[in-house]
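The next block holds one structure in the form of structure tokens; read it before the comments.
Sequence lines set the chain letters: A, B, ... in the order given, protein chains first and strands last, and positions in each chain run from 1. Below, each value reflects all heavy atoms present in this structure, side chains not excepted, and no hydrogens, waters or symmetry copies.
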Amino acid sequence: METYNPKVVEKKWQGIWETEEAFKVGTDFSKPKFYALVEFPYPSGQGLHVGHPRPYTALDIISRKRRLQGYNVLFPMGWDAFGLPTENYAMKNHIHPKIVTKNNVGRFKQQLQDLGYSFDWDREVNTTDPNYYKWTQWIFLKLFKKGLAYKSEMPINWCTSCKVGLANEEVVNGKCERCGGEVVHKVKSQWMLKITEYADRLIDDLDLVDYFDRIKVSQKNWIGRSHGAEVDFVIGGTKDSLTVYTTRPDTLFGATYMVVSPEHPMIEKYKDQITNYDELMAYREEAAKKSDFERTELAKDKTGVEIKGLKAINPVNDKEIPIWISDYVLMSYGTGAIMAVPAHDTRDWEFAKKFDLPIIEVVAGGNVEEEAFTDVATGKLVNSGFLDGLEVAEAKEKITEFLTEKGIGHKKTNFKLRDWVFSRQRYWGEPIPIVKCDKCGYVPIDESELPLQLPDVESYEPTDNGESPLAKMTDWVNTTCPCCGGPAKRETDTMPQWAGSSWYFLRYIDPHNEEALADPEKLKYWLPVDWYNGGMEHTTLHLLYSRFWHKFLYDEGVVPTKEPYSKRTSHGMILGENGEKMSKSRGNVINPDDIVGEFGADTLRTYEMFIGAFELSASWSQEGVRGCRRFLDRVWKLSDLVTDEEDYSKDLEVTMHQTIKKVSEDFEAMKFNTAIAAMMSLVNDFNKKGSVTKGEYKTLLQLLNPVAPHMTEELWEGIGCEGRIYQSTWPEYDEKKTIEDTVEIAVQINGKTKATITIDRNIAKEDAIVKAKEALGSKLDKTIVKEIYVPGRIVNIVQK
RNA sequence: GCCGGCGUGGCGGAACUGGCAGACGCGCAGGACUUAAAAUCCUGUUGUAGCGAUACAGUACCGGUUCGAUUCCGGUCGCCGGCACCA
């Protein structure tokens with residue numbers, strides 16, 4: 001055969017696959033299904049990054065294998081195309097974001113097609129397509145009608161550079177995740193989604209799914225569920241009480257003061273009784289000025305002011321204790337107030353030391369003068385009246401019962417998770433389908449009016465007062481109230497980028513349906529997604545948001561499953577040759593087009609799978625790419641050594657069965673690197689032997705096909721096989737034939753290998769020991785204490 | 001600080017439930033082919049000593065369990081990722 005020319009081969013087969021509709025999703029619902037999903041890309045102006053093909057190739061391999069195994073496979077692709085960079089580019093170059101998106105999508109699509117992925121392109125979706133975002137808006141209306149979308153005046157994270165409100169998740173170290181600009185607090189009326197309503201289920205239902213452990217752990221930490229109690233402290237001289245949340249009700253006897261957040265409403269309420277109100281206000285103002293970043297930066301140095309004129313009463317011992325304000329207590333968590341137990345909480349301890357407040361030990365086991373004793377596993381209660389002598393866990397139970405009986409407290413679960421800030425003061429996003437009427441308030445538009453299309457505007461610049469560019473479109477903004485028919489104004493904020501990506505996997509199932517988000521019968525067949533792979537960076541945001549929406553749609557009867565994805569895996573990043581993250585400024589960017597041009601798509605695919613453990617990050621190596629091309633060249637050249645024999649040759653039969661087993665299992669476990677290594681070994685075996693039977697070669701081509709689909713199709717045809725390799729059946733192995741009859745095992749003395757022997761696999765222990773002793777000969781020179789034989793593995797003689 | 005992960009040749013990385021450490025690839029060295037180079041093919045390649053068979057050491061470090069530890073346990077150091085005053 002002539003030399004391997006990927007340029008010709010790859011174009012040829014991409015054309016054939018398209019003509020033959022090779023990867024069109026099957027409609028026979030009696031067949032088993034497999035839904036493989038990769039995160040759809042944001043079509044940026046830079047084109048495909050060399051990191052994209054890693055997860056795409058991985059699931060392309062799984063998908064191609066599943067097709068050969070007889071499944072209906074849904075492996076779709078689309079575009080998460082709303083977003084800031086497009087809008088920024090549009091602003092700078094005065095091109096409509098629609099056009100920018102179209103161009104970028106065109107480029108991305110061509111690049112993906114050049115890589116030979118088996119996507120069914122008839123199911124392509126685009127979040128910016130009105131026929132798509134119609135349903136994003138439809139879901140929003142459902143949320144609104146259920147009271148899960150609400151408007152709230154609240155301090156939001158405001159990026160001073162992008163002039164846009166950000167979700168908590170978009171703020172990294174007090175900076176804007178996108179532009180690195182300073183983030184400050186700004187009070188604005190925002191649309192919020194009540195994800196907190198689903199907090200428990202988002203944790204508990206993780207038991208129903210198969211996710212990488214670290215993904216489950218991150219989700220749990222992010223939701224941050226904690227169990228404790230709320231306790232009421234009476235404010236001295238009033239009938240009112242101050243409620244705190246604590247996870248350590250057992251330490252109640254050690255509460256020597258209280259702290260409330262600087263924004264706590266009780267300060268206003270008791271303004272008249274407070275003698276140092278001005279001082280408190282000054283402190284509050286200082287705290288408000290600090291950005292979140294500064295607040296955490298200065299975490300170690302506690303500040304605060306005592307509220308003079310008010311005291312609280314510790315409900316268990318009736319002691320009068322002071323109340324302080326400090327910015328280490330957050331208004332947004334718990335009740336905005338805490339009971340301080342300096343002996344057993346590190347922050348309270350630091351605060352007490354600084355302001356010289358009493359520290360009372362109530363759990364024995366540490367030295368509370370030196371540091372807070374926070375261990376809950378070992379200590380016993382002291383100085384705690386009826387709790388004395390109990391373990392922490394018992395004391396918690398007992399005190400909570402006591403508080404409940406007395407009506408001054410109760411069990412309480414809290415979450416770190418906050419509601420989702422859903423508004424963006426931006427143009428390039430889904431319009432929120434709500435109008436505001438002075439009489440009727442916020443009114444949803446009628447479903448029949450969907451999609452509510454984005455109007456064309458003159459300028460995409462956000463306004464300085466923080467309003468969306470849409471606000472300037474008075475023709476669009478002024479409308480009538482769907483409820484009373486009076487004059488009303490449209491909502492001008494748009495949805496965040498996370499909206500469209502929260503349900504896109506549903507639309508792939510029935511992308512052209514005009515009557516519904518998707519046909520229920522189809523949803524029933526295809527859901528849940530069997531295997532979803534995506535980046536670790538999306539575990540706390542996208543993954544959580546889409547699980548939330550899915551659960552909501554489940555409650556609404558729209559989707560048939562509680563969870564959207566039954567399995568979730570994550571890939572590692574691809575770094576530059578110097579081991580650093582690829583970036584223009586570091587000058588270490590690899591362009592996938594260049595690799596495809598020089599070596600071919602099959603080589604790029606093979607290399608990215610061979611580069612290292614799939615879930616770990618890996619550095620690029622141009623030499624490594626060359627090595628993979630060499631491997632493919634060797635497979636190619638092997639076609640000259642193919643004999644007519646359809647069976648496996650006797651001497652390689654075991655190796656063949658072993659390799660099929662290894663590759664089949666390793667693909668499933670995403671151990672692509674070792675699967676490829678096994679195929680390289682097999683090729684080395686063929687070359688050593690100088691020939692390969694047609695049967696052996698066909699199997700090799702089928703095993704390699706998911707990784708290098710173009711080349712294997714060409715060779716399949718080249719050696720005169722029937723049909724296409726994509727229509728063939730995944731090779732089977734016989735477990736019995738993966739085991740050699742004879743095996744070479746190690747012979748050890750005291751655990752150190754001294755010789756090897758070749759024995760029959762089923763040899764009796766006695767015979768194995770005899771053979772081993774023969775092999776050791778004079779090395780056995782002491783008294784034998786023990787003889788160990790692990791069948792098929794090792795003989796170990798212990799001598800003294 | 002807390003949570004998660006990792007530490008193996010010159011490099012990327014293998015090693016099933018504790019059983020011959022270093023598969024496979026890269027690089028390097030030597031050889032074949034060539035006028036020559038590239039490409040390709042063959043041989044070697046953890047370190048130390050030895051011509052050699054071989055011996056000893058060796059999976060971040062210290063210790064433990066075991067006939068036997070890269071794997072399990074305790075401690076130390078280092079790197080990466082996430083969260084970060086969440087009461």
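The structure places CD of Glu230(A) at 14.0 Å from NZ of Lys411(A), a figure rounded to the nearest 0.5 Å. Note: Tyr733(A) OH to Thr738(A) OG1 = 7.5 Å, rounded to the nearest 0.5 Å. Note that CG of Asp685(A) is 11.0 Å distant from CG of Leu700(A), once rounded to the nearest 0.5 Å. Taken from CZ in Arg793(A) to CD1 in Ile745(A), the straight-line distance is 11.0 Å, to the nearest 0.5 Å.
U65(B) makes up no base pair with any nucleotide shown, lacking Watson-Crick or G-U wobble contacts both under 3.5 Å. Base pairing analysis places C77(B) opposite G7(B); the two distances defining the Watson-Crick or G-U wobble pair are each below 3.5 Å. In this structure G52(B) sits in no base pair that meets the Watson-Crick or G-U test at under 3.5 Å. Nucleotide G58(B) forms a pair with no other nucleotide shown, judged by Watson-Crick or G-U wobble geometry with both contacts under 3.5 Å. Remark: U71(B) base-pairs with no nucleotide in the shown strands. Criterion, Watson-Crick or G-U wobble with two distances under 3.5 Å. In a base pair of the Watson-Crick type (N1 to N3 plus N6-O4 or O6-N4) or a G-U wobble (N1-O2 and O6-N3), with each distance short of 3.5 Å, A29(B) is matched with U43(B). Under the Watson-Crick or G-U wobble criterion, with both distances below 3.5 Å, G22(B) is left unpaired in every strand shown. Nucleotide C83(B) is matched to G1(B) when pairs are restricted to Watson-Crick or G-U wobble geometry with both distances under 3.5 angstrom.
For the P atoms, the distance linking C72(B) with C2(B) amounts to 23 Å, nearest Å. Spacing of C1' atoms, U59(B) relative to U70(B), comes out at 5 Å, to the nearest Å. For the P atoms, the distance from G5(B) to C42(B) is 43 Å, rounded to whole Å.
Within the 6.0 Å centre-distance limit, the rings of Tyr607(A) and Trp620(A) are counted as a close aromatic pair. In this structure, Tyr257(A) has its ring center no closer than 6.0 Å to that of Phe355(A).
A salt bridge does not link Arg248(A) with Asp345(A): none of the charged nitrogens is closer than 4.0 Å to a carboxylate oxygen. A salt bridge does not link Glu668(A) to Lys662(A): none of the charged side-chain nitrogens sits closer than 4.0 Å to a carboxylate oxygen. Taking a cutoff of 4.0 Å between a charged side-chain nitrogen and a carboxylate oxygen, Lys661(A) and Glu735(A) qualify as a salt bridge. Salt-bridge annotation for Arg626(A) and Glu623(A): present, with a side-chain N of the basic residue lying under 4.0 Å from a carboxylate O of the acidic one. Salt-bridge formation is not detected for the pair Glu615(A)/Arg214(A): no Lys NZ or Arg NE/NH1/NH2 atom is positioned less than 4.0 Å from an Asp or Glu carboxylate oxygen.
Following rounding to the nearest Å, Leu632(A) (CG) and G25(B) (C1') show an atom-to-atom distance of 13 Å. In this entry the distance linking NZ of Lys353(A) with C1' of C85(B) reads 20 Å, nearest Å. Atom CE in Met331(A) sits about 16 Å away from atom P in A87(B), given to the nearest Å. In this structure, Trp349(A) places its CH2 atom 18 Å from C1' of A87(B), rounding to the nearest Å. In this structure, CZ of Phe631(A) is placed 15 Å from P of U40(B), rounded to the nearest angstrom. At whole-Å resolution of the value, NZ in Lys581(A) and P in C79(B) are 20 Å apart. For the pair Ile676(A) CD1 and C26(B) P, the interatomic distance rounds to 13 Å; values are reported in whole Å. Following rounding to the nearest Å, Glu537(A) (CD) and C83(B) (P) show an atom-to-atom distance of 11 Å.
With distances taken from any side-chain atom of Asp345(A) to the nucleotides G25(B), A87(B), U40(B), the minimum falls on A87(B). Which of C24(B), A87(B), C16(B) sits closest to the side chain of Asn684(A) comes down to C24(B). Comparing C20(B), U40(B), C24(B) against the side chain of Lys637(A) picks out U40(B) as the nearest.
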Would you tabulate the nitrogen or oxygen pairs shorter than 3.5 Å linking the protein to nucleotides 67-70 of chain B?
from   : atom 1 : to        : atom 2 : distance (Å)
C67(B) : O2'    : Asn796(A) : ND2    : 3.4
C67(B) : O2     : Asn796(A) : ND2    : 2.3

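Annotation: cation-pi geometry satisfied between Lys302(A) and Tyr328(A) (NZ/CZ under 6.0 angstrom from ring centroid, within 45° of ring axis).
Within 4.0 Å (heavy atoms only), Glu787(A) reaches no atom of the nucleic acid at all. Ser218(A) comes within 4.0 angstrom of no nucleic acid atom, judged by non-hydrogen atoms across all strands. As judged by a 4.0 angstrom heavy-atom cut-off over every strand, Ser226(A) is placed among residues touching the sugar-phosphate backbone only. Using a 4.0 Å heavy-atom criterion, one finds that Arg634(A) contacts the sugar-phosphate atoms exclusively. Across all strands shown, Ser621(A) has no heavy atoms under 4.0 Å from either base or sugar-phosphate atoms. Using a 4.0 Å heavy-atom cutoff across all strands shown, Gly224(A) reaches no nucleic acid atom at all.
Checking the phosphate oxygens (OP1, OP2) of C42(B), no side-chain nitrogen or oxygen of Asn687(A) falls inside 4.0 Å. Applying the 4.0 Å criterion to OP1 and OP2 of C26(B), one finds that Arg630(A) has a side-chain N or O inside that range.
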(request) Determine, for nucleotides 1-15 of chain B in 5'-to-3' order, which nucleotides have protein heavy atoms under 4.0 Å from the base (write B), from only the sugar-phosphate (write S), or from neither (write -). (result) --SS-------BSSS
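Where Met680(A) and Ile745(A) meet RNA chain B, the nucleotide closest to each residue was compared, and Ile745(A) sits on the side nearer the 5' end. Closest-nucleotide positions on RNA chain B for Asp633(A) and Ser681(A) were compared, and the one nearer the 5' end corresponds to Ser681(A).
For Lys416(A) against C83(B), no side-chain N or O and base N or O form a donor-acceptor pair under 3.5 Å.
For G9(B), the base is syn relative to its sugar; the glycosidic angle is within 90° of 0.
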